Enquirer: 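I'd like to ask some things about the structure below.
Model, not experiment: these values are computed from the prediction.
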Amino acid sequence: QVQLVESGGDLVQPGGSLRLSCAASGFTFSSYAMSWYRHAPGKERELVAIISSTDGSTNYPESVKGRFTISRDNAKNTAYLQMNSLKPEDTAVYYCSARLVVNGKYFSDPYWGQGTQVTVSS
């Protein structure tokens, strides 16, 4: 069955770094765009990074640009989110998402992981 399993969330001090991992199985990983979302209490779910299934292009919102980097290793069926210079406002549950891309267009509803908690606090 399709699975996305996030890991790497932790308690970290402001200014610290974390690397989140998303291990995928049950589908053709290389055909899916991969993304990371976060959901903090009292806030709407927010896209924080996305990486293409084809050319490896990435996009980030201004809130994380320059601090977060998304990457993927198709041989390992794994996506990553490197988070540097973390701020308290980065505290959230981080979710991995995968969506099929065919002929440059989204072809299906996304899959979702269970989430991993990131807490940035002194």
Side-chain angles (χ1 to χ4, degrees):
Q1 71 271 32
V2 170
Q3 286 191 330
L4 295 173
V5 181
E6 300 97 332
S7 62
D10 205 352
L11 171 65
V12 63
Q13 294 186 5
S17 297
L18 286 173
R19 189 179 77 157
L20 307 183
S21 297
C22 174
S25 61
F27 62 97
T28 304
F29 181 78
S30 61
S31 297
Y32 284 69
M34 300 298 298
S35 60
W36 288 93
Y37 289 78
R38 66 187 180 189
H39 195 184
K43 297 183 179 180
E44 297 293 323
R45 185 179 64 186
E46 178 188 21
L47 175 70
V48 296
I50 186 167
I51 185 166
S52 171
S53 64
T54 54
D55 61 2
S57 62
T58 58
N59 281 288
Y60 309 89
E62 289 297 323
S63 58
V64 308
K65 191 173 296 182
R67 300 188 298 118
F68 290 12
T69 303
I70 189 172
S71 62
R72 65 191 297 160
D73 187 338
N74 287 347
K76 296 181 178 180
N77 285 358
T78 303
Y80 305 93
L81 184 68
Q82 179 67 46
M83 304 185 295
N84 298 325
S85 302
L86 284 163
K87 305 174 181 179
E89 50 262 46
D90 295 320
T91 296
V93 177
Y94 283 72
Y95 296 91
C96 176
S97 180
R99 196 171 185 182
L100 179 64
V101 179
V102 177
N103 294 327
K105 297 180 179 179
Y106 288 124
F107 195 71
S108 67
D109 292 335
Y111 299 125
W112 292 93
Q114 83 291 340
T116 186
Q117 177 71 49
V118 172
T119 302
V120 185
S121 176
S122 300

Enquirer: Nearest 0.5 angstrom please: Leu81 CG to Thr69 OG1, how far?
Expert: 8.0 Å

Enquirer: For Tyr32 and Leu100, which heavy atoms make the closest approach, and how far apart are they?
Expert: CD2-N, 3.1 Å

Enquirer: Looking at Tyr95, is Arg45 sitting on its ring face, NZ or CZ under 6.0 Å from the six-membered ring centre and within 45 degrees of the normal?
Expert: no

Enquirer: Hey, quick one: are Val12 and Phe68 part of the same hydrophobic cluster, counting side-chain heavy atoms closer than 4.5 Å, chains of contacts allowed?
Expert: yes

Enquirer: What residue among His39, Gln117, Arg38 forms side-chain hydrogen bond (donor to acceptor under 3.5 Å, both in side chains) with Tyr94?
Expert: Arg38

Enquirer: Is there side-chain contact between Ser97 and Tyr111, with at least one heavy-atom pair below 4.5 Å?
Expert: no

Enquirer: Quick one: does Tyr106's side chain get under 4.5 Å of Val101's, heavy atoms only?
Expert: yes

Enquirer: Does the side chain of Glu6 come within less than 4.5 Å of Trp36's, by heavy atoms?
Expert: yes

Enquirer: If every non-hydrogen atom of Thr78 is compared with every non-hydrogen atom of Ser21, which pair is closest and at what distance?
Expert: CG2-CB, 4.4 Å

Enquirer: Quick check on the hydrophobic clustering: are Ile70 and Phe29 connected, directly or via other members, by side-chain heavy-atom contacts under 4.5 Å?
Expert: yes

Enquirer: Heavy-atom count check: over 12 atoms from other residues, nucleotides or ligands less than 6.0 Å from Lys76 NZ?
Expert: no

Enquirer: Any chance you could measure Ile50, atom CD1, to Arg99, atom CZ, to the nearest 0.5 Å?
Expert: 9.0 Å

Enquirer: Is any side-chain heavy atom of Met83 less than 4.5 Å from a side-chain heavy atom of Leu20?
Expert: yes

Enquirer: Using a 4.5 Å cut-off on heavy atoms from C-beta on, say whether the side chain of Ser7 contacts that of Thr116.
Expert: no

Enquirer: How about Thr119 and Ser121: does a side-chain donor come under 3.5 Å of a side-chain acceptor?
Expert: no

Enquirer: Taking the side chain from Arg72 and the backbone from Ser52, do they hold a donor-acceptor pair closer than 3.5 Å?
Expert: yes

Enquirer: Kindly work out whether a path of hydrophobic side-chain contacts (I/L/V/M/F/W/Y, heavy atoms less than 4.5 Å apart) joins Val2 to Val102.
Expert: yes

Enquirer: Are Leu18 and Val64 connected in a single hydrophobic cluster, I mean Ile/Leu/Val/Met/Phe/Trp/Tyr linked by side-chain heavy atoms less than 4.5 Å apart?
Expert: yes

Enquirer: Quick one: pull up CD in Gln1 and OG in Ser25 and give me the separation to the nearest 0.5 Å.
Expert: 7.0 Å

Enquirer: Side chains of Phe27 and Asn77: closer than 4.5 Å at any heavy-atom pair?
Expert: no

Enquirer: Would a single hydrophobic cluster contain both Tyr37 and Ile51, if residues Ile, Leu, Val, Met, Phe, Trp and Tyr are joined by side-chain heavy-atom contacts under 4.5 Å?
Expert: no

Enquirer: Identify the heavy atoms of Arg67 and Ser85 that sit nearest to each other, and give their distance.
Expert: NH1-O, 3.1 Å

Enquirer: To the nearest 0.5 Å, what is the distance between CG on Asp10 and CZ on Arg19?
Expert: 14.0 Å

